[in-house]
K.L.:
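Quick one: the structure is below, and I'll ask about it shortly.
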Number of protein chains: 2
Amino acid sequence: MPDAIPALKAQQSGKETGKDILSEQPAYDLIELFFFAYRDFVSDPDRILDEYGFGRAHHRVLHFVSRQPGLTIAELLDILRITKQSLNRVLKELIEKGFIESRMGTSDRRQRLLFATPQGHDLALKLAKLQTRRIMRALSEMEPEGKEAVSRYLLRLIDPDDRTHVKQLVFGSGKT
Amino acid sequence: MPDAIPALKAQQSGKETGKDILSEQPAYDLIELFFFAYRDFVSDPDRILDEYGFGRAHHRVLHFVSRQPGLTIAELLDILRITKQSLNRVLKELIEKGFIESRMGTSDRRQRLLFATPQGHDLALKLAKLQTRRIMRALSEMEPEGKEAVSRYLLRLIDPDDRTHVKQLVFGSGKT
DNA sequence: GAGATATGTCAACAAGGCTGACATAAAAAT
DNA sequence: ATTTTTATGTCAGCCTTGTTGACATATCTC
């Protein structure tokens, strides 16, 4: 990281007020690459979603419901970090159009358990494959350790409090 | 990548219709980690932006103008991929509040060259440092090759057509 | 039975995208 | 020199997706 070098020198030669110099020198490269990568990454599904009259909000909901059959509203809200009113708007549309089904909870009948219909699974898979194509292109020619590094990096960008939760969600159990 | 293994087996044992099996098996882990990481990454600056009456759109504009003094409207539009009307709304506010300055182009007087004011640079730096803290936390205990891998991965997620442009923007010249 | 919890819903609003139409000044082309 | 193209600005209205606040219902828990 070229940006860090002048900072390090400044610190070593003189005295700085900041606590940790390395964290004080902006990592412009990773900040900007993250922006551009995300910009392009989420744009792939847009065209397809459009055909169904859906947006990115629908995509997120459908994705997690498809991945976690039986997800409750509360769990989904915790994943997406939006209000129940916002969620309900898109969820309602997904249900009306037959992509998601809501069943009453068995142990707790106040809960709604969400399931993707076959149609819902199809669409979710289609979109996931599209994004996977981009990911595979980026991973190609990359060592397994490289993929490991990327995975660990992304995981550690997440708020520490959420990491175990996310790990469970993503990997199924609790490893890294 | 555990997801790819069953696919590979399916392909090797039988015959599939898809072109490339590896790209057909959803990389759920990287898809979801990317979502959660981005969610938390962009949330850091929000509180500070709020104090100034700004949103994420203002942040993006300010960031790139601060990083590239003399950026033109057209270049900014190309980076952000939004319409000029959308850009103008937030840009106007940034100029009115004294965070960005717009000067007439010298060689082409139709152009507006954008510059961050000292106040603008201060805010941009403050936000960049905040995000850098998260990045450094994620990179800690990571080998230099790990950081390299992350950087290359993000770069290669970007549309191929844009990569050289982004490289120039991010790294200053044209290396990788 | 009382209170807490999971969800649904109405209404209003804000941010930040979009389209379409039109205006101006300056550069470029003829 | 005139015409055309380009870079930007602006008005008006719309859409998606987020927000808050208030209130309703069913069900679980104590």
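Order of the sequence lines fixes the chain letters, A, B, ..., with proteins taken first and strands second; residue numbering starts at 1 for each chain.
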K.L.:
With axes from five pairs an end, tell me the bend angle of the helix from C:dG1-D:dC30 to C:dT30-D:dA1, nearest 10°.
P.N.:
30°
K.L.:
In chain order, what residues pass the side-chain hydrogen bond (donor to acceptor under 3.5 Å, both in side chains) check against A:Asp122, with sequence neighbours excluded?
P.N.:
none
K.L.:
Under the rule for side-chain hydrogen bond (donor to acceptor under 3.5 Å, both in side chains), what residues qualify as partners of A:His59, not counting sequence neighbours?
P.N.:
none
K.L.:
Linking Ile, Leu, Val, Met, Phe, Trp and Tyr through side-chain heavy atoms less than 4.5 Å apart, which residues share a cluster with B:Met104?
P.N.:
none
K.L.:
Tabulate below the donor-acceptor pairs under 3.5 Å that side-chain atoms of residues 91-99 of chain A make, not counting sequence neighbours, or state none.
P.N.:
residue, atom, partner, partner atom, Å
A:Glu93, OE1, A:His58, NE2, 2.4
A:Lys97, NZ, A:Tyr52, O, 3.1

K.L.:
Not counting sequence neighbours, which residues clear salt bridge (charged side-chain N to carboxylate O under 4.0 Å, His left out) with A:Arg109? List them please.
P.N.:
none
K.L.:
Report, as a single string ordered 5' to 3', how protein heavy atoms within less than 4.0 Å touch nucleotides 15-25 of chain D: B base, S sugar-phosphate only, - not at all.
P.N.:
--BBBBBB---
K.L.:
Can you give the donor-acceptor pairs under 3.5 Å from side chains of residues 30-41 of chain B to other protein atoms, not counting sequence neighbours?
P.N.:
residue, atom, partner, partner atom, Å
B:Glu32, OE1, A:Arg67, NH2, 3.1
B:Glu32, OE2, A:His63, NE2, 2.7
B:Glu32, OE2, A:Arg67, NE, 2.7
B:Arg39, NH1, A:Ile79, O, 2.7
B:Arg39, NH2, A:Asp162, OD2, 3.1
B:Asp40, OD2, A:Asp159, N, 2.8

K.L.:
For residues 52-62 of chain A, pull every pair meeting salt bridge (charged side-chain N to carboxylate O under 4.0 Å, His left out), keeping only residues two or more places apart or in separate chains.
P.N.:
A:Asp46-A:Arg56
K.L.:
Please list all pairs meeting ring pair (Phe, Tyr, Trp, His ring centres under 6.0 Å) that have one or both residues in residues 133-159 of chain A, counting only residues at least two apart or in different chains.
P.N.:
none
K.L.:
Begin with the C-alpha distance, continue with both residues' side-chain angles, and end with the deciding distance and a verdict on side chain to side chain contact (heavy atoms under 4.5 Å, CB included) for A:Thr83 and A:Leu77.
P.N.:
CA-CA 7 Å; A:Thr83 60; A:Leu77 286 175; over 6 Å; no
K.L.:
I'd like to check the side chain to side chain contact (heavy atoms under 4.5 Å, CB included) partners of B:Pro144; sequence neighbours left out, ordered by chain and number.
P.N.:
none
K.L.:
Ignoring backbone atoms, establish whether A:Asn88 has a side-chain N or O less than 4.0 Å from OP1 or OP2 of C:dT9.
P.N.:
yes
K.L.:
Indicate for each nucleotide in nucleotides 25-30 of chain C, in 5' to 3' sequence, whether protein heavy atoms under 4.0 Å reach the base (B), only the sugar-phosphate (S), or nothing (-).
P.N.:
-BS---
K.L.:
Figure out the NE2/C1' separation between B:His59 and C:dA15, and round it to whole Å.
P.N.:
17 Å
